[in-house]
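Heads up, the thing below is written out as structure tokens.
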Amino acid sequence: MMSDFPPGLVLVIGAFLLPIVSQNVRPILILGLPLVTLGLIWNLPDGAGGIVPMFDYQLVFVQGDTLSRLFGTVFAIMTFAGGLYALNQKRVLELFSVFLYAGCAIGVVYSGDLVTLFIFWEIMALASATVVLSVGSKVAYQVSVRYLLVHIFGGGLLLVGILLQILDTGSSSFTAMEPNTLGTILILAGFLINAAAPPLSAWLADAYPEASYSGTVFLSAFTTKTAVFVLLRGFPGAEILIFIGLFMIFYGIIYALLENDMRRILAYSIVNQVGFMVTGIGIGTEMALNGVAAHAFTHIIYKALLLMSAGSVLYMTGKRKCTDLGGLFQSMPLTAICGIVGALSISSFPLTSGFISKSMIGQAAADESMMAVWLCLLAASAGVFLHAGIKFPWFVFFQKDSGLRPSDPPWNMKLAMVFFSALCIGLGIWPEYLYAMLPYPVAYEPYTVAHVVNMLQLLLFSGFAFFLMLGWMRRTLTITLDFDWFYRRAFPKIIGTLLGAIWQIDTAIRRTFLTRLDVCRNYLIRVSEGEEDGILSRVRPASSMVLWVAVFLAAYLLLSFVGDFQN
Amino acid sequence: MSNHEHKHWLVRPNTIRLLWRYGITILVILVFADFFMEPHPYFGIDGSFGFFSWFGLVTCMAMVVFAKGLGVVLKRKDTYYDE
């Protein structure tokens, strides 16, 4: 039955085929399999299928509805465009892991129960760490280990949460919950770690920029957005998410403003954008949830586009620091234009995809009369233009002339960027197609005169602020300390000092003990040397030992008989 | 002179001066567009004249200043973790 076949499985099987097929067949698989997946997703009826019994529970591998179709669709499109972009990636390990990663992300959005979800969730963590690891450098190894540690910790919280939840409710089904029991709180925490929520947000900006030019494009799409998906399904309207989301929004902006590495700027801005979504989930009305779903869809596309643009610069120049770049628009016009389209979309400029999705979340806050939240979201929208919308294109493609004159990247990378640019603008001009795919009916018109003018006022004055304060934003060869300082610097230092102290005490104790032992031994030797019958110089025949063994065995036998009689 | 000729037209000082001029004209037009619009505020303050303009400018400047301040405390050389 087709409704029993998990659509993500196509990519998972494909992942294992990629390393063994010949180089001529590989591109066909890379481009074909995501399209097959997309076809499966769109022909899949709503409802449960692919049920595998496990002990007293059922693993539901296919649980389709509007929301899973929306996320499945954008994941498949992302895999297709990312695959096109990565066609000249020579490391097969990376291609293998991104396909496994994408397949499991689709697996998560079609999971009908918490156990299935957990299985895909954990494979995703391993596969995404392998994407970073596949670069093969020492830095990539260290980063992927740190990345894996955070995600295994999150996975551990999730697993304990799921087990407690099953114990509490007797059911493993994945439905809307409230964070009011230990089980659900741990599940929420596990989800939030993958969404890069505080305090463990630093893993994202630490790991993603260390992947290859193509690997980062995939990484930006799946982990955080599956987290948004499970939060949407599991915790709609959980009020705490509003505060967590707002924190993430401003954390992303401030850290991106301080950053010098172009791909790390974009990584911080992922946290910022996911913050918008988490806030929307916290607001929890139909308008807000629609806005979150739409924003996740558009965000995957424009963020991948931005990272493709940055990846092209890295691919052609080998450089990633703003201090080394600048003036590239002259020789990489297409990369610059596509980067600018992505930058305008993330800033939700009218006629781009961000405009028709993000504004729904703000509208939801206004509808609920949440003035403080609304003002924060508005300031944040201006801040997005500041940190990603202008900062990224300005420092990479304009600012000073770095003297670098690389050409645009190979055709497949250009095609992938043009495809996603077209989607960004297409979704912005014809939002009705996306709105028709959202979980609730949409009664929202983004293109009113007031909305367009107000947005332009906000954004252009934000741009004005950027150029007024350009002197304050001069790039420096610096990083900004984050929470990861605790586990990269403080904890190792504390543990190192502690172990040093323990080792010293341990040495002292051993030394004293050995000296005492020596004293005792010398005493015994002295005693036994004096007379022939000393304790240590007696001779015992082997037969006496055998006798004693026999005695013990007999006693053992006897006792066990006694024990049997008692039973 | 010849140096100017070699520069891409977009980065010549004349173009940049023009861009500033056009940019500021657009900003002024946008602020005054509020005269012609029927305000329909959700909260009150968002209906006041030029609200979105000054709010965008002020909050962005505040964020840059805040980031600068935080940078004083938290910025390190980018080789910090390599040592």
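For clarity, every value in this text was computed on a predicted model and none was experimentally measured. Within every chain, numbering begins at 1; the chains are lettered A, B, ... in the order of the sequence lines, protein sequences first and strands thereafter.
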Run the numbers on B/Trp54 and A/Phe461 for ring-ring contact (aromatic ring centres under 6.0 Å, His included), then give the verdict. CA-CA 7 Å; B/Trp54 71 256; A/Phe461 271 90; over 10 Å; no
Option that, when pairs with chain A are counted at under 4.5 Å, heavy atom only, ranks first among B/Asp34, B/Val11, B/Ile26, B/Ile24: B/Asp34
Among A/Leu477, A/Leu458, A/Thr480, A/Leu386, who wins on heavy-atom pairs under 4.5 Å with chain B? A/Leu477
Tell me, out of B/Phe52, B/Trp20, B/Phe55, who's got the most heavy-atom pairs with chain A below 4.5 Å. B/Phe52
Which atom names give the shortest non-hydrogen contact between B/Phe43 and A/Ala365, and what distance separates them? CZ-O, 4.5 Å
If I take atom CG from residue B/Leu57 and atom CG from residue A/Leu468, how far apart are they, to the nearest 0.5 angstrom? 6.5 Å
Above 12 or not: heavy atoms from other molecules or residues under 6.0 Å from CZ of A/Phe483? yes
Proximity breakdown for A/Leu459 and chain B, heavy-atom pairs closer than 4.5 Å: neither
Indicate yes or no: at least one non-hydrogen side-chain atom of A/Val453 is less than 4.5 angstrom from one of B/Phe36. no
Surrounding OH of A/Tyr447 (heavy atoms of other residues, nucleotides or ligands, distance under 6.0 Å), is the total greater than 12? yes
Side chain to side chain, B/Val31 and A/Gln457, heavy atoms closer than 4.5 Å: no
Lys NZ or Arg CZ of A/Arg489 over B/Tyr80 ring: under 6.0 Å, within 45°: yes
Counting only heavy atoms closer than 4.5 Å, note whether B/Met61 contacts chain A via side chain, backbone, both or neither. both
Residue part contacting chain A, namely of B/Val73, when any heavy atom lies under 4.5 Å: neither
Report yes if some heavy atom in the side chain of B/Met37 is under 4.5 Å from a heavy atom in the side chain of A/Asn454; otherwise report no. yes
Please classify the contact between B/Val65 and chain A as side chain, backbone, both or neither, with a heavy-atom cut-off of under 4.5 Å. both
Contact class of A/Ile253 relative to chain B, heavy atoms under 4.5 angstrom: side chain
Do you know which two heavy atoms are closest between B/Thr59 and A/Ala379, and how far apart they sit? CG2-CB, 3.8 Å
To the nearest 0.5 Å, atom CZ of A/Phe385 lies from atom SG of B/Cys60 at 9.0 Å
Roughly how far apart are B/Asp82 CG and A/Lys138 NZ, rounded to 0.5 Å? 9.0 Å
Would you say A/Met473 and B/Val64 make side-chain contact, with heavy atoms under 4.5 Å? yes
Contact part of A/Glu259 toward chain B, heavy-atom cut-off under 4.5 Å: side chain, backbone, both or neither? neither
Establish, from distance only, whether the side-chain atoms of A/Thr476 and B/Lys75 form a donor-acceptor pair under 3.5 Å. yes
Any chance you could measure B/Ile45, atom CD1, to A/Met371, atom CE, to the nearest 0.5 Å? 5.5 Å
What I want to check is whether the side chains of A/Gln142 and B/Tyr81 have a donor and an acceptor closer together than 3.5 Å. no
Top residue by heavy-atom pair count (under 4.5 Å) with chain B, among A/Asp401, A/Leu375, A/Ile254? A/Ile254
Could you list the residues that satisfy side-chain contact (heavy atoms from CB on, under 4.5 Å) with A/Ser201, not counting sequence neighbours? A/Pro198, A/Tyr251
Given side chains that start at C-beta, do those of A/Met370 and B/Tyr42 come closer than 4.5 Å, heavy atoms only? no
Separation between CD1 (A/Ile479) and CG (B/Leu74), nearest 0.5 Å, reads 10.5 Å
Leading residue by heavy atom contact count with chain B [cutoff under 4.5 Å; candidates A/Trp374, A/Trp485, A/Tyr255, A/Phe398]: A/Trp374
Less than 4.5 Å to any heavy atom of chain B: does that hold for the side chain of A/Phe250, its backbone, both, or neither? side chain
CZ (A/Phe467) with more than 12 external heavy atoms under 6.0 Å: yes
Can you check whether A/Leu460 reaches B/Leu27 side chain to side chain, under 4.5 Å on heavy atoms? yes
